[in-house]
Amino acid sequence: MSREGYVNAALIAGLIGVPLWAHVAGEPFTITLATRAVIFALAAVGLNLALGLGGLVSLGHAVFFGIGGYAMGILAFHAQTYTPMFPDWLNIEGTKSMPVIWLVAVVSSALAALVIGLLSLRTSGVYFIMITLAFGQMFYYFAISWRAYGGEDGMSIYLRNSFPGLNTLDPIQFYGLCFVLLCAALWLTARIARAPFGLLLNAARQVPHRVETVGLDGQRAKLVAFVISGAITGLAGALFADLNRFVSPTMFSWHMSGEIMIFVILGGVARLFGPVAGAVLFVAMEHVLGDLWDHWHILLGLLLLGVVLFARGGVIGLLAGKARTHD
Amino acid sequence: MTLLTLEAVTARYGASQALFGIDLTVAEGEVVAMMGRNGMGKSTTVKAICRMLPAGGRLVFDGHDLTRLYSHQAARLGIGLVPEGRRCFRDLTVEENLIVAARAGHWDLGRIGDLFPRLAERRGQRAATLSGGEQQMLAIGRALMTNPRLLILDEATEGLAPLIRAEIWAAIARLKTETGLAILVIDKSLKELRQVSDRAVLVARGQVAWEGPMAALDAETSERHVGV
């Protein structure tokens, strides 16, 4: 196994061991923190696919995180209030079933990513960053004005949604669900990176126009990657809303987009476990330093500065050495 | 049978016109040498053929109007390009560079390895770590993996050591004799071009200044238009 393999295995071991220890020791808050880290990691795994493999610096991934969150919120709200959605023309009932909610979150996020990607990928560089940011702000202000679903205040879901055979209110069981989904997303990302599609994405990122001279459509590949990326981040949004039993427009905010990007950069862009390391580090800092100092974000900023200037492979790069792909 | 036809092809970079009506044909199995001094329009012609630059006039490949196609669609028709400056995918390994371009046909990893044994020896090595000559071989191999009907080599031996140049010219000669691939080769090495080419096209100021069988190209004409 490579050095990076050992680092990744240690991370996985920590993500299994710490919550289990917390469960045995009766520390549910630690499990909740770990769940938060895993969900953030899942969102960042989604972004890493677009950013790391495809070179797409999206500052609008909160759109998909928010769509996933609102998919959960809206479906659960109608289920808990026994009111149909769109009574005038569709009359669909809500649901408290996690698998159905996840499916809706993934499909709606993917559709949004398709539309946003089709428009955004006509640009590149700083314009791509700005157009994705603009989409994020559009959704943010739309959510604020959407009074049917809480507007600026957001909405609470009183009971966590259900999963067949599990008690999702038990922190360790809900954590297990999130962890399995994170592993599935990591597996998918690893498969994509090694597949011809991943090679094409990598090549299109390096020499955009040259892939076309060998008969490949780099733009289409980037769009597909953006859609998959958005779908994964959307799933994370649904889980995040379920963790907090609350959704609000802040899930769409550019702060959220920035945080997802910070997870990726802190952990290591284009490194498979980079988003996981980044999210774990972020949540640990938020918890430990946040308790000590209200202005802990200053320390986070300094850390980020250090990573960008001296360790462009992020935490994974520091521990495992330089990547084969770009840092 | 004529594979590629260019008639009165024009192209410009912004306000600056680079091609003033290029006429060119390449038949199946034919090797055509395109020569000319720097800045005369050779690479621009290649870009026009590969749809990397908007062009006017008539560009037809195997009956298809190239002006209606995107770059990747032209490549899928069977136009393989070895671009000037190699432009390998640096973070991919040799094998990945070849696999990413692969399309069904005669050329596969084994045949590329046979044509360039150096690449077979370095199949797991990142392209960025290859020497310039090996990168050039990889660029040719990558273009061949698309199984083209026309291979365009744009300054494929420029800036390479004599031994490597000899290997690449030997490979081009093999391509001609063993596969009958149509090749448009842009280069300034007149001696080697004479050995592999059937016809010569000399380009000057965005137009064809001379065109004919390679054997008919005399020293004075080549000196005037190519400088060698």
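Because only heavy atoms are used, hydrogens play no part in the values below, and waters and symmetry mates are left out as well, while side chains stay in. Naming convention: chains lettered A, B, ... in sequence-line order (proteins, then strands); numbering from 1 in each chain. Predicted model, so just to flag it, every value in this text is computed and none were measured.
Contact detail for B:L92 and B:E96: the closest heavy-atom pair is CA-OE1, 3.4 Å.
B:R12 forms no cation-pi arrangement with B:F20, by the criterion of a distance under 6.0 Å to the ring centre and an angle within 45° of the ring axis.
Residue B:M145 does not touch chain A at all, counting heavy-atom pairs closer than 4.5 Å. In this structure, the portion of B:T146 lying under 4.5 Å from any heavy atom of chain A is its side chain and not its backbone. Neither the backbone nor the side chain of B:I152 comes within contact range of chain A; no heavy atoms are under 4.5 Å apart.
Using a 4.0 Å cut-off between a side-chain N of Lys or Arg and a carboxylate O of Asp or Glu, B:D114 and B:R111 do not qualify as a salt bridge.
Residues B:N38 and B:K188 are in side-chain contact: their nearest non-hydrogen atoms beyond the backbone lie under 4.5 Å apart.
Between chain A and the residues B:A143, B:P83, B:A74, the most heavy-atom pairs under 4.5 angstrom are made by B:P83.
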